[in-house]
Amino acid sequence: MGRILKIIGLTLLGLLGAASLGLWLGQDWLIGRFVVALNQHLAVPVRASRLDVSVLDQFPRLSITLHDVVMQGSLPADTTRLLRARRLYCAFDATDLLRGHYRIRRLTLADGQLHLRRDATGQPNYLVLRPDTTAADEQPFALELRGIRLERVRATYTDAARQQFFALQTPDLRATVRLNGPQVEVTTTGPARIETVRLGSDDYFRAKDVKLNVLLDVDRAGQRVSIQPSTIGVGPATYSVSGTIDYAQAPRLNLQAAARQADVQAVLALLPPRLTRRLAGYRSRGQVYFEGTVRGEWSEQHYPAVDVRFGCRQAAFFHPEYRQQVDGVSLTGRFSNGTGQSAATAVLTLEQVRGQLAGRPFGGSLRLENLVQPTLQLELQAELDVARALKFFPVAAVRSGAGAARLHLLLNGPLTVLRQRPTARQARGELALRGVTLQLRDFRQPFSGLTGQLELRGADVAVSRLQGRLGNSDFRGRGTVRNATGWALGPGQPLRIEATVASQLLDFNQLLYAYQPAGSKRGGGPAAPAGGLHVPARLVLDVGLQARQVRYRRLRGRQLRGTLRLQNQVFSSPGLRLAAAGGQLSVRGTVDARQPQLLKARTVASCQQVRLDSLFYVFEDFGQHFLTSRHLRGTLTASAESDTYFDGQLRPLTDRLEAQVKATVRQGELLNFEPLQKLSLVADRATLRHLRFAELHNDFYIQSRTVYIPEMEIRSNVRAAALLRVTGTHTFDQQLDYHLRIPLLPGLLPRAAARADGPTLRLGIRGTESNFTVRYETGLPTRPGPGRSPASGPGPAAPAEAVAPATPRARHSWELKKPARKPAEPQPGDFFEF
């Protein structure tokens, strides 16, 4: 047996050697016949670097191999090559060779690029076969392509007139072509990778691996393509296609398509990324189906009629990243481009939608008409686990959430109207919240414990009751949110809130910085700095406030009441009242927050019976350490008109501060005030350590980082200094310049001689808080007078300076006048009216 096999092998080897020798001896003749016949069948020239005849390349068939092939297209002026390939194998049977017939049975194209195109006038570049080519038996040389093989070939198709572009790569695609005069039958099978199917600006089937099994009948005379029942596999799904395409003039389509064993990702693979970007990560299990037809002319003036039916039964949709799943989903849908075969007449419907998310049911229906100016009909009912719902379908503005909600929503009308101002018939619904927590993207603190009922009425949302917390602050209230639908559906729309809000605690340490939108880069630079009082540009507020407690830094207030308004990023109030520091505080005015890093406040503030020590403690001694809360006692009643500026951290910009303060101090006391300890010539230190003074009135002015104190009279409990006159300045850099005038021996002189304009001792206090000096001051009298007071009677003479000759009054450095400043803003009643 071994010898027999050996003999057979040697015989075959001998035959192969003899055939190779014969081919080597006659290859020039064979190549010459091949070139002549090929030129008879082709209407365009083909160039190759060399041609070889081989038995092994396409064994068991003989083959002629063309190396470095270049084929020109059929368009005369076209510079784009139709075909470039490293090798082209043309194979024919040995039996044909023995009978004297040279029929090419197979073609193999390897490592090439094929560019099919139609120019702007619709002329193709791929009409390379002569129209009279046949496969008659009497011809010694003919094409009978029973097999075409494309190995590592990239093929593209471009239609400039219709703005179409197709591109695919074929690792090993096989085809069969049968020519029968003008009739061409093409069968294609094998894998391919579709780079894109571009229609207009949309890419379909982008970067998808498919399996093709396509059968085409091409009638070149009648310019008609018939697609016999064919299939295209994408993953586990299989799409069937059949129908006809007439291209004698404008293409006319009559196609049918259906899907079997499809899932959501296979269906999404058919659509352009702009429609599926947000859904691309979702997966499905269960039966998803669709079937449709495309019929009519497809040209620049007309679109074919498209009718697609789709749906699912007991399907499950999930997202692998979020690990959330919607179960038991059933729906039926339909899409049609309508009687006008255009986007303006298109209709999309979803009916009998139902399913469960985290065991909570939902359902509804949708109808969308006219994709150019959409009209929406939506009904949605859902019981939601907020955390599960946000994980399954994330919302960019919400980082996380928890709790339960019940939603019933009805929308009916043009989308442009729904985005602006719908009627109550066009938009209505209810939302019930139960213990909901939301961490919003632009808020530092979460909203927690949200419970209440919201009702949609046209463009507005009526809040019958709502309570919850924002960080440490709690709130409960009711009101109306105006233009809620427009704000939610249309960017740049205003949102107006009219409400009454009550609270047990408002913590402004958090509230003032709660809203912090993400910083935006400008000009490629770094992100905008965080902090500051950021206010939404389109938010309008009219809120009545009541709060039992208020906190801000050292402030601990009670019984806050008043109205707060916001418009164009400017806060205003006709009046806010607060009990703090043992008295009552009130303020009205505006705060301009249009620049988060530079806020401007124009206010008129007042206080009644506020304890001085508490006031200085709350305001942290107003940034100085000279006169602090431990030095003061008494009650303050005052009013102030001010223009104040703040930076992004709500720190006052003192160089821009201007204010006028009218103050009255009752039952005042000055305790352990160091400068008074240096006036021991007036009274003993024990008395000066606890100085009590009567009711005090004065106006103070603040400008250019300086507090101006006009001259004021202080009547104290010190007999030797029962009447003091004080004036001076105190800068924000803690530079002191105070001047005191103390009447001499007021207890020894008669009442008439102890007047304030009598003989006085002048003292100056200058320096800084930590390093100051007390010195005597000399100068001319405030007005001329005789050597002895007329009412003094006999007694000791006055000091020499008191009897100086009469001279014109000279202004001294310690005599201050009111600094020039602009009128205080805002004036009474200057606030927004809604």
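Being a predicted model, the structure only gives us computed values, none of them experimental. Just the heavy atoms: all of them, side chains too, but no hydrogens, waters or symmetry mates, feed the values below.
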**Q** So, Ser473 side chain and Asp507 main chain: donor-acceptor pair closer than 3.5 Å or not?
**A**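 Present.
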
**Q** Any side-chain heavy atom of Arg556 within less than 4.5 Å of one from Arg551?
**A** yes

**Q** Return yes when atom CZ of Arg548 has more than 12 non-hydrogen atoms of other residues, nucleotides or ligands closer than 6.0 Å, and no otherwise.
**A** no

**Q** Closest heavy-atom contact between Cys607 and Val610?
**A**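 Closest approach of Cys607 to Val610, heavy atoms only: CB-CG2, 3.5 Å.
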
**Q** Examine distances only and state if a side-chain atom of Glu658 and a backbone atom of Arg656 form a donor-acceptor pair shorter than 3.5 Å.
**A** no

**Q** I want to check something: taking the side chain as every heavy atom from C-beta on, are Val604 and Ser639 in contact at a cut-off of under 4.5 Å?
**A** no

**Q** Is there a donor-acceptor pair closer than 3.5 Å between any side-chain N or O of Asp542 and the backbone N or O of Arg565?
**A**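 Side chain of Asp542 to backbone of Arg565: no pair is present.
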
**Q** Does a sphere of radius 6.0 Å around CZ in Arg558 hold more than 12 heavy atoms from other residues, nucleotides or ligands, not counting ones at 6.0 Å or beyond?
**A**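 Counting other residues, nucleotides and ligands, CZ of Arg558 stays at 12 neighbours or fewer.
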
**Q** Taking the side chain from Arg399 and the backbone from Arg441, do they hold a donor-acceptor pair closer than 3.5 Å?
**A**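 Yes.
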
**Q** Do any N or O atoms from the side chain of Asp460 and from the backbone of Asn483 form a donor-acceptor pair under 3.5 angstrom?
**A**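 Between the backbone of Asn483 and the side chain of Asp460 there is a qualifying donor-acceptor contact (under 3.5 Å).
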
**Q** Judged by atom type as modelled, is there a donor-acceptor pair below 3.5 Å linking the side chain of Thr644 to the main-chain atoms of Leu657?
**A**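 Flag not set: sc Thr644 to bb Leu657 has no pair under 3.5 Å.
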
**Q** Walk me through whether His690 and Glu669 qualify under side-chain contact (heavy atoms from CB on, under 4.5 Å).
**A** CA-CA 7 Å; His690 189 176; Glu669 299 180 25; 2.6 Å; yes

**Q** Is there a side-chain contact between Leu578 and Leu555 (heavy atoms, below 4.5 Å)?
**A** yes

**Q** Going by heavy atoms in the side chains, are Phe443 and Leu438 under 4.5 Å from each other?
**A**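 No, their side chains stay 4.5 Å or more apart.
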
**Q** Do Arg705 and Thr654 have side-chain atoms, one donor and one acceptor, less than 3.5 Å apart?
**A** yes

**Q** Tell me whether the count of non-hydrogen atoms from other residues, nucleotides or ligands lying under 6.0 Å of CZ in Arg633 goes above 12.
**A**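 For Arg633, atom CZ is crowded (more than 12 foreign heavy atoms under 6.0 Å).
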
**Q** So, taking the atom named OH in Tyr701 and the one named OH in Tyr708, what distance separates them when rounded to the nearest 0.5 Å?
**A**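 One finds 12.5 Å between OH of Tyr701 and OH of Tyr708.
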
**Q** Carefully, step by step, assess Phe732 and Ile702 under the rule side-chain contact (heavy atoms from CB on, under 4.5 Å).
**A** CA-CA 10 Å; Phe732 290 2; Ile702 302 175; 3.7 Å; yes

**Q** Can you tell me how far CZ of Phe571 sits from CG of Leu576, rounded to the nearest 0.5 angstrom?
**A**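 Leu576 atom CG to Phe571 atom CZ measures 11.5 Å (nearest 0.5 Å).
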
**Q** Roughly how far, to the nearest 0.5 Å, is CD of Gln467 from CG of Leu433?
**A** 11.0 Å

**Q** Might you point out which heavy atoms bring Gln569 and Val535 nearest each other, and give the distance in Å?
**A**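 Where Gln569 meets Val535 most closely, the heavy atoms are NE2-O, 2.8 Å.
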
**Q** Report yes or no: does Asp733 contribute a side-chain atom to a donor-acceptor pair with the main-chain N or O of Gln735 at less than 3.5 Å?
**A**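 Flag not set: sc Asp733 to bb Gln735 has no pair under 3.5 Å.
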
**Q** If you take all heavy atoms of Phe475 and Val501, which pair is closest and at what distance?
**A** CB-CG1, 3.9 Å

**Q** If I take atom CG from residue Leu636 and atom CG from residue Asp613, how far apart are they, to the nearest 0.5 angstrom?
**A** 11.5 Å

**Q** Hey, does Thr637 have a side-chain heavy atom less than 4.5 Å from the side chain of Thr635?
**A** no

**Q** Do the side-chain N and O atoms of Thr603 and Ser642 include a donor-acceptor pair separated by under 3.5 angstrom?
**A**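 There is such a pair between these side chains.
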
**Q** Under 3.5 Å, side chain of Gln510 to main-chain N/O of Asn472, donor-acceptor pair present?
**A**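 Such a contact is found between Gln510 side chain and Asn472 backbone.
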
**Q** Report the distance from atom NE2 of His730 to atom CZ of Phe700, rounding to the nearest 0.5 Å.
**A**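 The distance works out to 12.5 Å.
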
**Q** Quick one: CZ on Arg476 to OG1 on Thr500, what's the gap to the nearest 0.5 Å?
**A**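 That separation rounds to 10.5 Å.
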
**Q** How far apart are the C-alpha atoms of Leu653 and Phe646, what are their side-chain angles, what is the distance that settles it, and do they pass the side-chain contact (heavy atoms from CB on, under 4.5 Å) test?
**A** CA-CA 5 Å; Leu653 303 178; Phe646 301 88; 5.8 Å; no

**Q** Would you say the side chain of Gln493 lies within less than 4.5 Å of the side chain of Arg538, judging by non-hydrogen atoms?
**A**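 No, side chains not in contact.
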
**Q** Just so I know, are the side chains of Thr451 and Arg465 near enough to count as touching, which here means a heavy-atom distance under 4.5 Å?
**A**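 They are in contact (side-chain heavy atoms under 4.5 Å apart), so the answer is yes.
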
**Q** Might you point out which heavy atoms bring Gln660 and Asp699 nearest each other, and give the distance in Å?
**A** NE2-OD2, 4.5 Å

**Q** Considering non-hydrogen atoms only, spot the tightest contact between Leu615 and Ala581 and give its length.
**A**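 Leu615 and Ala581 have their closest heavy atoms at N-CB, 4.1 Å.
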
**Q** With side-chain contact (heavy atoms from CB on, under 4.5 Å) as the test, would you mind laying out the steps for Arg577 and Ser586 before giving the verdict?
**A** CA-CA 4 Å; Arg577 296 180 300 277; Ser586 64; 4.1 Å; yes

**Q** With a 4.5 Å limit on heavy-atom distance, are the side chains of Arg482 and Thr480 in contact?
**A** yes

**Q** Do you know the tightest heavy-atom contact between Leu599 and Gln595?
**A** CD1-O, 3.5 Å

**Q** Asp442 side chain to Tyr515 main-chain N or O, any donor-acceptor pair under 3.5 Å?
**A**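 Not a single qualifying donor-acceptor pair exists.
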
**Q** Less than 4.0 Å between a side-chain N and a carboxylate O, is that true for Arg666 and Glu695?
**A**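 Yes, this pair counts.
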
**Q** Any donor and acceptor pair, going by atom type alone, linking the side chain of Asp592 with main-chain N or O of Arg594 inside 3.5 Å?
**A** yes

**Q** If you count heavy atoms of other groups shown closer than 6.0 angstrom to CZ of Arg561, is the number above 12?
**A** yes

